[in-house]
Trainee: 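This is the structure I have questions about; it appears just below.
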Amino acid sequence: TQAGLRSSTLADLTTRVNRTLEALKSRPCPRDGGTLLQRYADKFFANAPAGGVGRKRNLLDASRFLIYAVDVCGAPTRFKPPSKAKINELIGSSETTTAEKLTPPVKPEDLAALLDQMAADGEHELHLAVGLVGLYGLRPSELAVLSIKDGRGYVGSVKRNSKTMSAKAQQARPIRALDIAGREGEGERLLQLYASGLVRLPLSLRNQIAMVKDKNRFQDVGAEFAQKLERYKPWQVLKARNPGLTPYSLRHGYAWRAHCCSTNAIHPRITAALMGHNVATHLKHYGSWTDEASLDAGVELFNKGVHV
């Protein structure tokens, strides 16, 4: 029933179903769904952080399998998954706070300096890839589905699930660059440079893009982008100054600029549409990060308005 999933998702699901069967065969033999999931956790969660997404996904797929076994295959009803409270107990609570988990954005001044250094180092292909991701807020894997039509940029879907396979979800998303102070039009210039073919994406990245159709997945494109960036010394220096920074921080930086770097901030609904997700996702993942300097600036701006 899950044959339509992409290969990597199907492989993960297969692993979790096999783990469920292994837990079922262990001794003493589990006699109900709650005991079975407890055994699953005992056997396979030694290296899975409490409260982490790994535990959640494992127990979700194991629970789905148990429901299928009872509802479709006639297994005894006692093997239905336990209550949500019991499953949450098995997932546990993370010792890392939500704030600590948030990915910080690449600030505009750091993005500008990074692009300048790439140009100075002759890293023109990496400069193009990083500039497109950072200035347009792309998922790195969306470089595989970037197209130019009538001078405007569009990206297709890189997610393969039931929600994104509809005709509406498959429509190409228009992308628009957000300027950095002093570099007006830089995003548009890079887009036209990409369209011209005068500068191409890094060869290793192009190779991964060429293999997307055969592999039926886009993750390797994003992984290759991350690897190229992580090997670049100035990026390593930037990370040392900004703990928690990841290649995905380039995309977070787009949301940061949209809301914090102009007197004409963009509404979250518009920003979410530009980035290719819904408003709830945007506010959860991109609207929660802030730092002390930004808090001070916001309060200072408010107080100036009060005392006019």
Trainee: For the side chain to side chain donor-acceptor pair (under 3.5 Å) test, which of Q219, K215, E224, Q227 pairs with Q208?
Mentor: K215
Trainee: Taking R257 first and then D179, would you say they form a salt bridge - that is, a charged N and a carboxylate O separated by under 4.0 Å?
Mentor: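 No salt bridge links R257 with D179.
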Trainee: Just to verify, which of V212, I209, L143 counts as forming a side chain to side chain contact (heavy atoms under 4.5 Å, CB included) with F218?
Mentor: V212
Trainee: Please determine if R241 and D110 form a salt bridge, counting it only when a charged side-chain N lies under 4.0 Å from a carboxylate O.
Mentor: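 So R241 pairs with D110 through a salt bridge.
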Trainee: Using modelled atom types only, decide if a donor and an acceptor are shared between the side chain of R78 and the backbone of R31 within a distance under 3.5 Å.
Mentor: yes
Trainee: State yes or no: do F225 and V199 share one hydrophobic cluster built from I, L, V, M, F, W and Y residues joined by side-chain heavy-atom distances below 4.5 Å, directly or via other members?
Mentor: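 Yes; V199 is reachable from F225 via cluster members.
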Trainee: Examine distances only and state if a side-chain atom of T15 and a backbone atom of A11 form a donor-acceptor pair shorter than 3.5 Å.
Mentor: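 Yes, because the side chain of T15 sits within donor-acceptor range (under 3.5 Å) of the backbone of A11.
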Trainee: Please check: side-chain N/O of T103 versus main-chain N/O of S249, any donor-acceptor pairing under 3.5 Å?
Mentor: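 Answer holds: no.
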Trainee: Keeping R251 on the side-chain end and L138 on the backbone end, is there a donor-acceptor pair under 3.5 Å?
Mentor: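 Judged by distance alone, no pair lies under 3.5 Å.
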Trainee: Kindly write out the residues that satisfy side-chain contact (heavy atoms from CB on, under 4.5 Å) with Q38, not counting sequence neighbours, or none if the list is empty.
Mentor: D42, K86, L90
Trainee: Between R39 (side chain only) and P28 (backbone N and O only), is there a donor and an acceptor less than 3.5 Å apart?
Mentor: yes
Trainee: For R200 and L198, indicate whether the former's side chain and the latter's backbone hold a donor-acceptor pair under 3.5 Å.
Mentor: no
Trainee: Between L37 and I67, is there shared hydrophobic-cluster membership here, with clusters defined by ILVMFWY side-chain heavy atoms closer than 4.5 Å?
Mentor: no
Trainee: Using a strict cut-off of less than 4.0 Å between a Lys/Arg side-chain nitrogen and an Asp/Glu carboxylate oxygen, indicate whether R173 and E142 qualify as a salt bridge.
Mentor: yes
Trainee: Answer yes or no: is there an ion pair linking E22 with R19, defined by an N-O contact shorter than 4.0 Å?
Mentor: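 No, no charged N to carboxylate O under 4.0 Å.
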